[in-house]
Amino acid sequence: MKRPGLHPQKWTVDNIAKGTRELKMLGILYDWDREVAACDPDYYKWTQWLFLLFYERGLAYRAMSPVNWCPVDKTVLANEQVINGACERCGTQVEQRFLEQWFFSITDYAGRLLDNLDRLDWSESTKTAQRNWIGKSEGAEVAFRVQDLMEFAGSATVSGGGMSGEVIPTPVELRVFTTRPDTIFGATFLVVAPEHPLADLLTTDEQRAEVEAYREAAAKQDIVTRKVNKDKTGVFTGSYAVNPASGELMPVWMADYVLMEYGTGAIMAVPGHDERDFEFARKFGLPTPRVVGRDLHDTAPPTDAAFTESVNGVMVNSGQFNGLTVPEAKHAIVAWLAERGSAKPVVNYRLHDWCISRQRYWGPPIPIIYCDACGPVPVPESDLPVVLPPLEDFKPDDSGVSPLARDEAWYRVSCPQCGKAARRETDVSDTFLDSSWYFLRYPSANRDDVAFDPAVTRHWLPVNSYIGGNEHAVLHLLYSRFITMVLHDAGLLEFEEPFTRFRAHGTIIREGAKMSKSRGNVVNPDEYVEKWGADAFRTYLMFLGPYEEGGDFRDQSISGVRRFLDRLWASVHEATRAGDPDAAVMRKLHQTIRKVTDDIPALSYNTAIAAMMEYVNVLRAHERTPHAREVEPLVQLVAPFAPHAAEELWEVLGHDRSVFDAGWPAFDAALAAEESVTVAVQVNGKTRGTVQVPKDAEQPAVLEAAMADAGIAKFVTGSPKKVIYVRNRLLNVVV
RNA sequence: GCGAGAGUGGCGUAAUUGGUAGCCGCGCAGGACUUAGGAUCCUGUGCCGCAAGGCGUGGGGGUUCGAGUCCCCCCUCUCGCACCA
């Protein structure tokens, strides 16, 4: 998709045209009166409006933060856009930079985003992906008092307290998050991240040079290599803290395996029971005592690896808690520490706030104006949209500032509050923000006074069936849910979940291999439509495998679908109206109606098509001529798959309105019912034959019929000990 | 490493959810119609065996009258996440 040098305006317009042409060529049913384009000011006006709504509600904020920086695309990437340390777009190794960015407070909604999943009709794999992404951890925050270290004046608590010049020293505490508070007696040292705010304070003069060197090295490293490289490195800060449980002194270390962005940026290391801490302790010669054993006698320190059993373990070397199981100890120890003011239960999430800033040209400008007197001022709603100016020179440079800053006429504005000279925000918003609310805009696309009309929205939304790729499992779907929840809280939506049902389609591979441009095996729809027709192409895509799993696109196999459509075509053209339809064929027809009607909502398109193929085989068996009433409902059934052919054939059958206005064929259970059934006969569980019996026949009659069959009877060597009969299905004689 | 999903004929797949394994399609084989056919139409097609029959759903155990389906162990593949305390 990426075409270097091409102006994004042109690129976007071309792609929309190309996509539209393909959709129309394939007969995709879409309401073209409601087309939306995120790059259209009529659309992004409301994306900007959404930003302002978040800003007003305190859910949009600006913060300095380390970001993933792609040196080739010269832009910031979300963590989600970094794949194995490389830029998702161009594959370049990503670096770390510090920039001021706009964030949306999605973590405020982490709990709801997680809890609501339980009541959504989504594929389990997608829900699991979201749960893992949100990454809830229940544990405790524990405070460790640092030995001989006090914080003095200058802090807000002292100056605001009116203590008339008296300076009250407060002990420095290091707070850590742990999911294993039960192991606190085994915590032998603390580790802080290199970026930890207390790092300077903690570092003693003797250790300063070494610590500074370590911090500098860590700062140079990009975020990704740091996480990929799992060799433990670290440096002693010189400080000691007090273990609130054991009272023992613990050295405070600094290491880059502790991440500032998770928890408190500091950990209590329990080397006996955590693999990473174990590795670190071994490297730096620190002790690895045991506090959890297989039983009460299992007290010797682990030597080969950390003992991480966390369910059936029993506490040892842990004072009054010895003998408790791990889950019991978790509660008891947190309660005990809480009483003494050094711990509290805490829930932590892996999810980070959503960085929506992009230092790029092509995107909706973030509607903020910076004024030296007033600070950041939101653009008044009446001034929306903030239109992206046409720029010939749109490429980002190495400054980390959006190309928009180079357009002085656009960039310099007066402050909406005080009227003095001010500057526009030059970041544009993430494309995921555009796509996180398009389903709200779509039904109201023609409204220019509101983002979405309440009455229209009430009628059409939430989306009752959403089908997409699993690549959206965590990004698009999570952001959309978040946006919807906020709009709900703002009183603008009656629902808080946008997609009642979600299913992910599978991946289609080609001749056994993944399709890729480099391999040159992508399917170009034009060629197939040209050669086989749009209907055969569409129907084949539905037929080649289970929809939710994908399948293997084989050029040779498409001929089978084409043959089916040809046979359908011939059947309609040859159909007679003389006489009556055949009862057996009508039975098969109604069985087919039932099957297709059930399969479509279940996304079992491949079996629905197989059922219609079977029916056509029955229709034409032994070169018989089909009756018009036998084929007419079939044309309705096939219409969603092969709309062009169905529309033509519907006309051939004498209708003057569209087949899509004709409704769905009615299923008649009586016509579908079989009067006789084939029952499998087993002897000792092995199938030995079948018997034809009237439907719903009772066991004695079926047994009699089975014994009358010599091929079956010969296996019944003694008198039956037991006979199992499953009505209309199976008879098993145990001898 | 953690999480999710999947292993069925030569191939893509199906199986009323514990009840005849292989529907439908590709391919292949034989035949018909043909000057001809990369068209169309019939017939056959899991493997071994002349047959009777036996064997078969990644491998090994188990539950059951009966297992592709349920339980335990193992192997392989695909896709996410990955120093998350």
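A note on names: the letters A, B, ... follow the listed sequences, proteins ahead of strands, and every chain is numbered from 1. Keep in mind that what you see is a predicted model, and the values were worked out from it rather than measured.
Remark: A:K686 is not in phosphate contact with B:rG56, judged by side-chain N or O atoms under 4.0 Å from OP1 or OP2. For B:rA85, neither phosphate oxygen OP1 nor OP2 lies less than 4.0 angstrom from any side-chain nitrogen or oxygen of A:R175. A:R567 has a side-chain polar atom (N or O) that falls below the 4.0 Å cut-off from OP1 or OP2 of B:rC41. Residue A:R562 places no side-chain N or O under 4.0 Å from the OP1 or OP2 atom of B:rG25. Between A:S125 and B:rG80 there is no side-chain N or O to OP1 or OP2 distance below 4.0 Å. Put simply, A:R131 has no side-chain N or O that comes within less than 4.0 Å of OP1 or OP2 on B:rG3.
In this structure, CZ of A:R727 is placed 15 Å from C1' of B:rG19, rounded to the nearest angstrom. Between A:K514 atom NZ and B:rU78 atom C1' there is a gap of 8 Å when expressed in whole angstrom units. The interatomic distance linking A:R563 (CZ) with B:rG27 (C1') rounds to 10 Å, in whole Å. Atom pair A:L475:CG and B:rG80:P shows a separation of 12 Å (rounding to whole Å applied). The nearest whole Å value for the distance from the CD1 atom in A:I508 to the P atom in B:rC79 is 16 Å. Distance A:E471 CD to B:rA4 C1': 16 Å, rounded to the nearest Å. Distance CD (A:E279) to P (B:rG1): 14 Å, rounded to an integer number of Å. Distance, A:L544 CG to B:rG25 P: 16 Å, rounded to whole Å.
Using a 4.0 Å heavy-atom criterion, one finds that A:D277 contacts no nucleic acid atom at all. Within 4.0 Å of A:G263, counting heavy atoms only, lies no atom of the nucleic acid at all. Across all strands, A:T678 comes closer than 4.0 Å to base atoms (heavy-atom distances). At the heavy-atom level, A:T690 lies under 4.0 Å from base atoms of the strands shown. At the heavy-atom level, A:K721 lies nowhere under 4.0 Å from the strands shown. When heavy atoms are screened at a 4.0 angstrom cut-off, A:F543 is found touching base atoms of the nucleic acid. Within the nucleic acid shown, A:N617 comes within 4.0 Å of sugar-phosphate atoms alone, with no base atom in reach, counting heavy atoms only.
Remark: A:S571 pairs with A:R620 by the side-chain hydrogen bond (donor to acceptor under 3.5 Å, both in side chains) rule, at least two apart or across chains.
Using C1' as the reference atom, B:rG59 and B:rC65 are 26 Å apart when rounded to the nearest Å. Distance check on atom P: B:rA21 versus B:rG46 gives 14 Å, rounded to whole Å. Of the C1' atoms belonging to B:rG9 and B:rC48, the separation is 14 Å, rounded to the nearest Å. Comparing the same atom, C1', in B:rG7 and in B:rG12 gives a spacing of 15 Å after rounding to whole Å. B:rU78 and B:rG58: their C1' atoms are spaced 15 Å apart (whole Å). For the C1' atoms, the distance linking B:rG10 with B:rC33 amounts to 30 Å, nearest Å. Comparing the same atom, P, in B:rC28 and in B:rG38 gives a spacing of 11 Å after rounding to whole Å. Taking atom P in both B:rG61 and B:rG68, one finds a spacing of 15 Å when rounded to whole Å.
When distances are taken from the side chain of A:R350 to each of B:rU43, B:rU20, B:rA82, the shortest belongs to B:rA82. Considering only the side chain of A:K714, B:rG53 comes nearest among B:rA85, B:rC41, B:rG53. Considering only side-chain atoms of A:S137, the nucleotide from B:rC26, B:rA85, B:rG25 that sits closest is B:rA85. Nearest nucleotide to the A:W133 side chain, out of B:rG25, B:rC81, B:rC83: B:rC81. The side chain of A:R554 approaches B:rC11 more closely than any other nucleotide in the set B:rG19, B:rC83, B:rC11. Between B:rC24, B:rU20, B:rA14, one nucleotide has an atom nearer to the side chain of A:T687 than all others, and that is B:rU20.
Between A:R624 and A:E574 there is no salt bridge, since no side-chain N of the basic residue sits under 4.0 Å from a carboxylate O of the acidic one. Ion pairing between a basic and an acidic side chain is recognised when a charged N comes within 4.0 Å of a carboxylate O; A:D566 and A:R562 show such pairing. Under 4.0 Å is where a charged nitrogen must lie from a carboxylate oxygen, and between A:R503 and A:D121 at least one such pair does. Using a 4.0 Å cut-off between a side-chain N of Lys or Arg and a carboxylate O of Asp or Glu, A:E141 and A:R175 qualify as a salt bridge. The pair A:K232-A:D256 does not count as a salt bridge, with every side-chain nitrogen at least 4.0 angstrom from each carboxylate oxygen.
To the nearest 0.5 Å, atoms CG (A:D555) and CZ (A:R510) are separated by 4.5 Å. To the nearest 0.5 Å, the span separating CG on A:L589 from CG on A:L619 amounts to 8.0 Å.
Checking A:F715 against A:Q556, the closest nucleotide of RNA chain B that is more toward the 5' end is the one next to A:Q556. When the nearest nucleotides of RNA chain B are assigned to A:S557 and A:R688 by heavy-atom distance, the more 5′-ward of the two goes with A:S557.
Counting only Watson-Crick or G-U wobble pairs whose defining distances are both under 3.5 Å, the stems of 3 or more consecutive pairs in RNA chain B are B:1-7 with B:75-81, B:10-12 with B:24-26, B:27-32 with B:40-45, B:46-48 with B:53-55, B:58-62 with B:70-74.
B:rU17 has its base syn relative to the sugar, with a glycosidic angle deviating from 0 by at most 90°. More than 90° away from 0 lies the glycosidic angle of B:rG25, which makes this nucleotide anti.
Between the side chains of A:D231 and A:Y257, not a single donor N or O lies within less than 3.5 Å of an accepting N or O. Between the side chains of A:S125 and A:T128, not a single donor N or O lies within less than 3.5 Å of an accepting N or O. Between the side chains of A:R567 and A:N617, at least one donor N or O lies within less than 3.5 Å of an accepting N or O. Side-chain contact of A:N348 with A:S137: a donor-acceptor pair under 3.5 Å is absent, judged by distance alone. Counted by atom type alone, A:R481 and A:Q130 present one or more donor-acceptor pairs between their side chains at under 3.5 Å.
With hydrogens and angles left out, the side chain of A:R729 and the base of B:rU16 share a donor-acceptor pair within 3.5 Å.
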(request) Quick one, give me the B/S/- string for nucleotides 62-69 of chain B, reading 5' to 3', where B means a protein heavy atom under 4.0 Å from the base and S means that only happens at the primed atoms, P, OP1 or OP2. (result) ---B----
